[in-house]
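Report on the structure given below.
The model shown is predicted, which means the values in this text are computed figures rather than measured ones.
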Amino acid sequence: MKRALVTGATGFLGRHVVRQLVDAGYHVRGLVRRRDDALAASGVELVHGDLCSIDPIREACREVDVVFHVASVSGIWGNWKHFHSNNVVSTRNVVQACQENGVDRLVYTSSPSVTFSGQHQINTDESAPYAVRFLANYPRSKAMAEQHVLQASDDAGLKTCALRPHLIWGPGDRHLIPRLIDRARAGQLRRVGDGTNLVDNIYVENAAQAHLQAA
């Protein structure tokens, strides 16, 4: 039986990645900060710890075939130390733990904001360069973390890749759609542009499936 570790297993996307892994026959381990009875009841092995500390990640990566590093701190506002610790340092810890434990594959959940510097991203693909000037600390931290993950890829050892889902929505969403509905009810929605603007979004089950396919 293949063994998978999911960081951020209690989060919106993480829960769907976990469920699909369980359905696919994986033994799933989740690195979590607090106990989650629903995950435990589904047969997921829980390891408690903070990603900013290497020791619990080392423990969680033992005898694991693939790691899905989904955990992240997001937001437009916030100081650099907060984002650097939770997104950059934590990702470096995950990569190090994977290498030390001989993990075969690492799938990192990144963001399309790593290439956004104020211009449209129509027809943008993975060849786009990273932004030169970031508009917030979140994309800057995600870009640093993503680059570290990709640079760690080694065909003879740990193989890595990064996915950049945008505006994830669906069952279990506690942020995007609920906030949109609340703003609509309060009469606070505003249209930007002429109404023909296109914005990428992805259904959460499709985003989770993409992670399994990437692995």
Side-chain angles (χ1 to χ4, degrees), residues 6-23 28 30-42 44 46 51 68-80 82-83 85-87 90 107-125 128 131 134-143 145-146 162-214:
V6 180
T7 71
T10 60
F12 176 38
L13 175 59
R15 287 183 183 276
H16 285 267
V17 173
V18 166
R19 181 182 58 77
Q20 292 192 17
L21 286 168
V22 170
D23 290 346
V28 181
L31 183 61
V32 299
R33 290 185 175 181
R34 61 187 65 87
R35 179 169 178 79
D36 189 289
D37 291 336
L39 280 179
S42 67
V44 176
L46 300 182
L51 284 166
F68 297 88
H69 182 28
V70 183
S72 178
V73 169
S74 61
I76 299 175
W77 313 109
N79 64 63
W80 171 241
H82 176 66
F83 285 103
S85 296
N86 287 281
N87 292 344
S90 66
V107 179
Y108 175 62
T109 310
S110 187
S111 163
S113 63
V114 301
T115 62
F116 181 68
S117 56
Q119 291 76 39
H120 74 71
Q121 292 188 296
I122 297 174
N123 295 325
T124 297
D125 61 19
F134 293 102
L135 306 184
N137 284 326
Y138 168 69
R140 178 186 171 197
S141 68
K142 294 295 285 186
E146 180 185 294
L163 301 180
R164 299 171 179 171
H166 188 235
L167 295 181
I168 305 173
W169 61 278
D173 176 13
R174 293 172 289 181
H175 300 287
L176 179 62
I177 300 303
R179 289 177 180 175
L180 188 67
I181 293 172
D182 288 344
R183 295 285 177 86
R185 288 172 174 167
Q188 296 177 341
L189 289 184
R190 298 292 183 268
R191 187 176 73 182
V192 179
D194 62 4
T196 62
N197 312 54
L198 299 178
V199 179
D200 288 330
N201 62 83
I202 185 167
Y203 185 60
V204 65
E205 292 185 2
N206 292 338
Q209 184 180 36
H211 281 67
L212 270 69
Q213 290 174 335

TODO: Test Phe83 against Val73 for side-chain contact (heavy atoms from CB on, under 4.5 Å), laying out the working first.
DONE: CA-CA 7 Å; Phe83 285 103; Val73 169; 4.0 Å; yes
Working to the nearest 0.5 Å, report the span between [atom1] of [X] and [atom2] of [Y].
{"X": "Arg174", "Y": "Leu176", "atom1": "CZ", "atom2": "CG", "result": "13.5 Å"}
{"X": "Ile76", "Y": "Asn137", "atom1": "CD1", "atom2": "CG", "result": "12.0 Å"}
{"X": "Ser141", "Y": "Trp80", "atom1": "OG", "atom2": "CH2", "result": "5.5 Å"}
{"X": "Leu198", "Y": "His120", "atom1": "CG", "atom2": "NE2", "result": "11.5 Å"}
{"X": "Glu146", "Y": "Arg164", "atom1": "CD", "atom2": "CZ", "result": "4.0 Å"}
{"X": "Leu163", "Y": "Ser111", "atom1": "CG", "atom2": "OG", "result": "12.0 Å"}

- [ ] Could you pull out all residues at least two apart from Ser72 that satisfy side chain to side chain donor-acceptor pair (under 3.5 Å)?
- [x] Asn87, Lys142
Open item on the list: Under the rule for side chain to side chain donor-acceptor pair (under 3.5 Å), what residues qualify as partners of Ser74, not counting sequence neighbours?
Closed with: none
TODO: For Asn79, check side chain to side chain contact (heavy atoms under 4.5 Å, CB included) against everything at least two apart and list the hits.
DONE: Lys81, His82
Open item on the list: Using the side chain to side chain contact (heavy atoms under 4.5 Å, CB included) criterion, which residues pair with Leu189? Sequence neighbours excluded.
Closed with: Leu180, Arg183, Ala184
Grab the two heavy atoms, one from [X] and one from [Y], that are nearest each other, plus how far apart they are.
{"X": "Phe134", "Y": "Val114", "result": "CE2-O, 3.4 Å"}
{"X": "Ala71", "Y": "Leu51", "result": "CB-CD1, 3.4 Å"}
{"X": "Val28", "Y": "Leu21", "result": "CG2-CB, 3.6 Å"}
{"X": "Ala162", "Y": "Ser110", "result": "CB-CB, 4.3 Å"}
{"X": "Leu135", "Y": "Phe116", "result": "CD1-CE2, 3.6 Å"}
{"X": "Val17", "Y": "Ala208", "result": "N-CB, 3.8 Å"}

TODO: Not counting sequence neighbours, list each pair that qualifies as a side-chain hydrogen bond (donor to acceptor under 3.5 Å, both in side chains) and has a residue in residues 191-205.
DONE: Trp169-Asn201, Asp194-Thr196
Task: Pairs meeting criterion side-chain hydrogen bond (donor to acceptor under 3.5 Å, both in side chains) with involvement of residues 8-17, two or more places apart - done: Arg15-Asp36
Task: Heavy-atom donor-acceptor pair, Thr7 side chain to Val70 backbone, under 3.5 Å - done: yes
TODO: Determine whether Val204 and Asp173 make a side-chain contact, defined as any pair of heavy atoms from C-beta on separated by less than 4.5 Å.
DONE: no
